[in-house]
Colleague: 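My questions all concern the structure below.
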Amino acid sequence: MKRAKPSYLEAPENSVDRLRRPRPTKGTSWDSLLAERQSRVALEEAFEKEEEESPSTSYRSEDDQFDELPAESPATKDEETVKVCLRLRPYSQSHNCNLKIRDSSTLVVKCAGENQPGASSEKHFTFSNVFDDHVSQAEVYDSCIRPTIRLTSGEPGATILTYGTSGSGKTYTLLGNAEQPGIVPRSIEQIYEELRGHVSSEPMLKMEGMQLCPLSDGEMIEEKYKVATIKDMLRSDSHEQISQIIQSQQQFQPLELGDRRVFIWISFVEIYNENVYDLLNLDEACAKRKPLKVLANEGNAYIKGLSTLYASTKEEAYNLLEYGLQSATYGSTDVNCNSSRSHSIFTMNVITHSLAMQQISQSVYKFCDLAGSERQKKTGTMANRLKEAQKINNSLLVLGRCLETVHRNQKPRKVHDLVPVRDSKLTMIIQSALLGKEPMTMIVNVHPTDEFYDENINVLNFSSIAKQIVIRKPSKMPNNGADSTRYSFLPTSAPDLLVRENEALKLEVQQLRDQLEQSKKTLFIQEYQLRNELTDNFKVQFDKMEDSYQQRIESAKQLAILPYKQQLIVLQRKLESKEREIQELEDELEEDENKLKAYEEEINLLRLSKGKRRLSL
Ligand SMILES: Nc1ncnc2c1ncn2[C@@H]1O[C@H](COP(=O)(O)OP(=O)(O)OP(=O)(O)O)[C@@H](O)[C@H]1O
């Protein structure tokens with residue numbers, strides 16, 4: 001069946017790029033336009049009927065039988081649902097609170113029109129976990145995140161989102177503070193502690209866009225220099241305290257990873273007013289920030305020109321996190337005086353190279369702190385703030401539409417709608433999670449006071465849709481190993497044989513693609529090893545050549561100085577004979593002087609005897 005096309009006869013959706021809105025083609029007649037409109041209306045009516053038969057939200061009024069409440073879409077052994085956890089922010093007892101925790105997975109909301117007769121008075125929302133306001137950061141981490149960081153099983157990674165109104169505790173949950181570290185520092189600890197002894201000190205392998213590349217010696221030095229520069233700029237060691245706190249609360253143990261070598265690359269971006277900015281770009285430290293382009297290929301997003309820095313130790317990872325946070329844009333609203341007005345995404349790319357198996361796998365962990373989903377009136381939005389709020393709300397709206405479409409597509413139906421991931425930068429970047437290629441965990445933060453009643457209901461409705469999305473685990477190829485892991489959305493029961501055949505073919509194509517991908521990687525590893533061998537061989541040859549050149553230079557030198565050596569010997573001999581002559585002359589002179597002295601003594605004696613004789617006469 002053909003996919004339903006959007007019609008240009010309907011009011012345009014504001015969030016959709018003007019250029020991409022539907023337009024009439026030249027020469028289209030009015031009759032054909034009406035026919036197109038009618039077929040579209042018929043299609044939509046069919047969808048609505050389907051929707052009525054299987055409602056998408058997981059809440060019902062009190063009048064409904066609670067036991068019948070569909071907690072989530074049924075997930076089989078090879079499937080998992082998007083994990084959606086709820087966390088309540090501590091609130092003052094003086095405030096009215098309409099939210100009550102019923103059990104570890106159910107929240108009951110008292111409706112605003114409680115006193116009106118006939119009005120339904122309670123709504124029940126189910127979650128993977130519900131955390132009360134006194135639950136600690138470590139408990140939240142252990143229940144929601146720790147199980148999703150699976151470093152041995154070659155999972156594709158995970159996307160972790162915090163969602164809620166401004167000031168509801170999203171940043172607190174994700175980052176925490178020096179005394180109560182949040183999810184990101186705990187994940188850094190878990191990853192580096194579990195991979196202890198396997199993280200390479202040299203950044204030898206890197207993902208460039210969608211390609212895996214070995215780095216040259218010069219490039220490796222450059223990468224290390226960047227991280228060292230950031231360390232010098234920060235000059236703080238607060239991470240040591242954070243690390244100690246986490247270690248005392250959660251004992252992460254090193255994993256048994258055999259000969260595997262791991263390379264960890266970190267990037268950090270901010271989406272502000274629908275522009276993507278690099279938070280780790282050292283060149284932009286003092287200059288005006290330039291927005292980056294987001295490109296997409298086969299459901300994977302790639303940010304062109306994004307800095308991805310190598311962190312060989314957890315200290316370096318903490319430094320990159322701190323540096324990125326310093327670069328982030330913070331504004332202030334009436335609701336939260338340190339409100340982050342942008343979405344930020346901290347990404348850890350863990351590349352594992354198994355020498356024995358000749359395999360490379362990649363796990364990408366994305367931590368997204370979404371901007372607050374508050375109403376414009378409540379946040380005192382003016383001018384700049386209004387523009388920010390509109391952009392924030394738009395991207396969250398698109399996120400909601402993506403989740404809704406994915407959920408709708410998972411129902412047994414013939415027409416699958418296009419998931420509008422391209423309608424916002426946020427959904428474009430996290431599309432692999434939205435399209436089911438990797439697990440997603442959403443932590444919904446709620447400030448449970450009456451003041452935020454409407455916003456909280458919106459947030460809870462939004463999360464109830466996310467909760468029902470089923471992620472299917474890929475069928476693993478026998479020799480594919482970890483990196484071939486893929487997830488796909490397929491309807492649970494195909495209505496006819498044709499659809500099933502189609503799906504089987506799709507699966508086959510996917511498996512062939514995976515095989516091709518694996519072969520490419522094997523080829524890449526072999527090329528990489530060959531290059532290393534060649535480099536070693538060249539080194540040995542160069543050493544030998546250098547030795548022989550040294551010898552030749554030495555013998556040429558000896559040959560050149562030979563005549564001078566002989567001349568030197570002749571001159572030395574002449575010098576010796578002259579010295580001997582001088583010595584002889586000196587000896588003769590000494591002899592003559594001695595004789596002279598003897599004559600003088602004789603003369604003196606004669607004079608004395610002559611004198612004596614004269615006296616006697
Ligand atoms: N569970 C909690 N325990 C203790 N304090 C909390 C908790 N949740 C939030 N807070 C406090 O509430 C305040 C606002 O939280 P936070 O900055 O995390 O909100 P936010 O949802 O990120 O807001 P924005 O969207 O505006 O950035 C902070 O001072 C934070 O310390």
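Computed from a prediction, not measured in an experiment: that's the story for all the values here. Counting starts at 1 for both ligands and their atoms, following the listed order. Heads up: numbering here begins at 1 and tracks the sequence.
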Colleague: May I ask you to check if ligand 1 and D369 share an N or O to N or O distance below 3.5 Å?
Modeller: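 Min N/O separation from ligand 1 is not below 3.5 Å for D369.
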
Colleague: Residue-level breakdown please: for T173 versus ligand 1, do any non-hydrogen atoms fall below 4.0 Å on the side chain, on the backbone, on both, or on neither?
Modeller: neither

Colleague: From atom 1 (N) of ligand 1, work out which of Y91, F131, Y172 has a heavy atom at the shortest distance.
Modeller: Y172

Colleague: With distance as the sole criterion, is a donor-acceptor pair present between the side chains of E270 and S342 under 3.5 Å?
Modeller: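 Short answer, yes.
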
Colleague: Does G164 have a non-hydrogen atom less than 4.0 Å from ligand 1?
Modeller: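 No, G164 has no heavy atom closer than 4.0 Å to ligand 1.
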
Colleague: In the structure I gave you, are the side-chain heavy atoms of N445 and Y172 within less than 4.5 Å of one another anywhere?
Modeller: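 No. Closest side-chain heavy atoms not under 4.5 Å.
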
Colleague: Do Q249 and R186 pair up side chain to side chain, a donor and an acceptor below 3.5 Å, judged on atom types alone?
Modeller: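 Short answer, yes.
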
Colleague: Heavy-atom count check: over 12 atoms from other residues, nucleotides or ligands less than 6.0 Å from K290 NZ?
Modeller: no

Colleague: Which atoms of ligand 1 have any heavy atom of P90 under 4.0 Å away?
Modeller: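 Those atoms are 1 (N), 2 (C), 3 (N), 4 (C), 7 (C).
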
Colleague: Between Y192 and E315, do the side chains contain a donor N or O and an acceptor N or O under 3.5 Å apart?
Modeller: no

Colleague: Looking at G169, which atoms of ligand 1 are within less than 4.0 Å of one of its heavy atoms?
Modeller: 8 (N), 9 (C), 15 (O), 16 (P), 18 (O), 19 (O), 20 (P), 21 (O)

Colleague: T165 heavy atoms, cut-off 4.0 Å: which ligand 1 atoms fall inside?
Modeller: 21 (O)

Colleague: Between R87 and ligand 1, find which residue part has any heavy-atom pair under 4.0 Å and reply side chain, backbone, both or neither.
Modeller: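 Just the side chain.
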
Colleague: What's the separation between atom CD1 in I430 and atom OG in S424, rounded to the nearest 0.5 Å?
Modeller: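 Separation between the atoms: 8.0 Å.
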
Colleague: Return a yes/no value for L88: is any of its N or O atoms, backbone included, closer than 3.5 angstrom to an N or O of ligand 1?
Modeller: no

Colleague: May I ask you to list the atoms of ligand 1 that are less than 4.0 angstrom from any heavy atom of K170?
Modeller: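 Near K170, meaning under 4.0 Å from one of its heavy atoms, ligand 1 has 18 (O), 19 (O), 20 (P), 21 (O), 22 (O), 23 (O), 24 (P), 25 (O).
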
Colleague: Taking NZ, NE, NH1 and NH2 as the nitrogens, is one of them in E316 or K231 under 4.0 Å from a carboxylate oxygen of the other?
Modeller: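 So E316 does not pair with K231 through a salt bridge.
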
